[in-house]
A.B. asks: 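Quick one: structure below, then a few questions.
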There are 2 protein chains.
Amino acid sequence: MNIDNLNWKILKCLQQNARMSSAAIGRQIGITSPAVSERIKKMEDAEIIQGYTTFVSPFEAGYQLKALITLRAFMGMLKPFLEKVKTYDEVVNCYRITGNENIVMEVVLKNQKHLESFIDQLISYGETKTQIVLSHVVKHSEIKPLK
Amino acid sequence: MNIDNLNWKILKCLQQNARMSSAAIGRQIGITSPAVSERIKKMEDAEIIQGYTTFVSPFEAGYQLKALITLRAFMGMLKPFLEKVKTYDEVVNCYRITGNENIVMEVVLKNQKHLESFIDQLISYGETKTQIVLSHVVKHSEIKPLK
DNA sequence: AGTGAAAGTGATATACG
DNA sequence: CGTATATCACTTTCACT
């Protein structure tokens with residue numbers, strides 16, 4: 001399925017505010033709300049739109065630390081880790097990557113003690129490297145059309 | 001502002017589907033829709049809720065490669081980079097981190113050629129390390145209450 | 001802080017260019 | 001693929017608790 005100009009305008013609106021009504025989107029781009037709703041539904045069915053989420057402030061939720069943790073899995077420990085990682089509340093994102101290191105995780109933590117106990121849970125799976133996040137410079141910037 | 005049990009239930013719904021109506025949330029958690037709307041507005045004002053977004057498939061949008069790029073900025077080049085990075089369409093996330101390396105970016109790219117030209121744009125700011133993302137194992141998992 | 005009711009607005013289905 | 005209309009659902013406001 002192709003993403004035409006109108007759909008890109010809809011995606012721009014929805015990426016900026018997923019709770020925007022079809023009517024409001026329609027007013028901005030110059031079509032009626034049923035037309036917007038139909039286009040959204042088709043993009044959902046085609047999995048161009050993969051879902052809608054809410055950004056909850058980790059800080060306000062009590063997570064005062066953010067870190068990137070890189071894991072170099074021990075022999076035979078990557079597969080068990082890929083299952084286990086889904087169960088950790090601390091892991092917001094987890095990427096499997098090429099190279100000597102296998103995994104990069106974005107994690108949220110209460111404090112240094114929590115970081116320590118979290119890393120302790122990882123040591124059976126492999127060697128870890130921890131980088132504390134000082135600031136989230138670009139946050140989920142929107143996907144734009146290729147030039 | 002505190003996040004009580006009811007607000008956590010609302011946040012759970014909204015993190016799973018930001019387009020869920022207040023009425024539908026109310027039915028699930030046992031309060032009326034005006035009560036839900038009011039709680040949502042208060043969490044927005046308190047910046048517990050930082051926004052609502054839509055996941056657009058980078059693949060469907062023509063970005064067939066995802067990578068993590070680490071930057072070790074040259075002396076005096078970090079600040080200019082922190083401004084410049086906001087203008088790159090390829091950068092979905094950018095973190096400033098502790099350690100010898102200053103920056104980790106999650107980037108989406110059309111193909112290897114695009115990766116090459118993107119890295120070329122970075123070399124004036126510092127040394128880069130590129131890790132291709134094989135799979136996004138955990139994708140924006142929801143923020144949950146601390147135990 | 002939550003309910004219930006009224007008014008306005010939005011969503012959805014259908015018929016039609 | 002879009003509009004127009006009608007019906008139903010949702011949101012918002014407000015008086016009340």
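Lettering of chains follows the sequences in order, A, B, ..., and the numbering in each one begins at 1.
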A.B. asks: Mind checking salt bridge (charged side-chain N to carboxylate O under 4.0 Å, His left out) for Lys139(A) and listing every partner two or more places apart, or none if nothing turns up?
C.D. replies: none
A.B. asks: Please name all residues satisfying side-chain hydrogen bond (donor to acceptor under 3.5 Å, both in side chains) with Asn93(A), sequence neighbours left out, ordered by chain then number.
C.D. replies: Glu106(A), His136(B)
A.B. asks: Enumerate the residue pairs fulfilling salt bridge (charged side-chain N to carboxylate O under 4.0 Å, His left out) with a member in residues 30-40 of chain B, sequence neighbours excluded, ordered by first and then second residue.
C.D. replies: Asp4(B)-Arg39(B), Glu38(B)-Lys42(B)
A.B. asks: Ile31(B) has an atom CD1; how far is it from atom P of dT3(C), in whole Å?
C.D. replies: 6 Å
A.B. asks: Keeping Ser117(B) on the side-chain end and His114(B) on the backbone end, is there a donor-acceptor pair under 3.5 Å?
C.D. replies: yes
A.B. asks: Through what angle, rounded to 10 degrees, does the axis of the helix from dA1(C)-dT17(D) to dC16(C)-dG2(D) turn between its ends, using five pairs per end?
C.D. replies: 30°
A.B. asks: Would you be so kind as to tabulate the donor-acceptor pairs closer than 3.5 Å made by side chains of residues 19-29 of chain A, with sequence neighbours excluded?
C.D. replies:
unit_1   : atom_1 : unit_2   : atom_2 : d
Arg19(A) : NH1    : Ala18(B) : O      : 2.7
Arg19(A) : NH1    : Met20(B) : O      : 2.6
Ser21(A) : OG     : Ala24(A) : N      : 3.0
Ser22(A) : OG     : Ser37(A) : OG     : 3.2

A.B. asks: Taking side-chain hydrogen bond (donor to acceptor under 3.5 Å, both in side chains) as the cut-off, I'd like each qualifying pair that reaches into residues 48-62 of chain B, sequence neighbours left out, listed once.
C.D. replies: Glu44(B)-Tyr52(B)
A.B. asks: Please name all residues satisfying salt bridge (charged side-chain N to carboxylate O under 4.0 Å, His left out) with Lys144(B), sequence neighbours left out, ordered by chain then number.
C.D. replies: Asp89(A)
A.B. asks: Tell me, for nucleotides 5-17 of chain C in 5' to 3' order, what letter each nucleotide earns: B for a base near a protein heavy atom under 4.0 Å, S for only sugar-phosphate near one, - for neither?
C.D. replies: B----SSBB----
A.B. asks: Provide, to the nearest angstrom, the distance between the CG atom belonging to Asp4(B) and the C1' atom belonging to dG2(C).
C.D. replies: 13 Å
A.B. asks: Taking any heavy-atom pair under 4.0 Å as a contact, classify Ile40(B): base, sugar-phosphate, or nothing.
C.D. replies: nothing
A.B. asks: Determine the contact category for Ile25(A): base if any of its heavy atoms lies under 4.0 Å from a base atom, sugar-phosphate if only primed atoms, P, OP1 or OP2 are that close, otherwise nothing.
C.D. replies: nothing
A.B. asks: Who pairs with Asn102(B) by side-chain contact (heavy atoms from CB on, under 4.5 Å), at least two apart in sequence or on another chain?
C.D. replies: Arg72(B), Ala73(B), Leu78(B)
A.B. asks: Does Gln16(A) have any side-chain contact (heavy atoms from CB on, under 4.5 Å) partners at least two apart in sequence or in another chain, and if so, which?
C.D. replies: Lys12(A), Glu142(A)
A.B. asks: What are the bounds, 5' to 3', of the part of DNA chain D that sits under 4.0 Å from heavy atoms of chain A?
C.D. replies: dC1(D) to dT3(D)
A.B. asks: According to side-chain contact (heavy atoms from CB on, under 4.5 Å), who are the partners of Tyr88(B), at least two apart in sequence or on a separate chain?
C.D. replies: Phe81(B), Lys84(B), Val85(B), Glu90(B), Val91(B), Phe118(B), Gln121(B), Leu122(B), Tyr125(B)
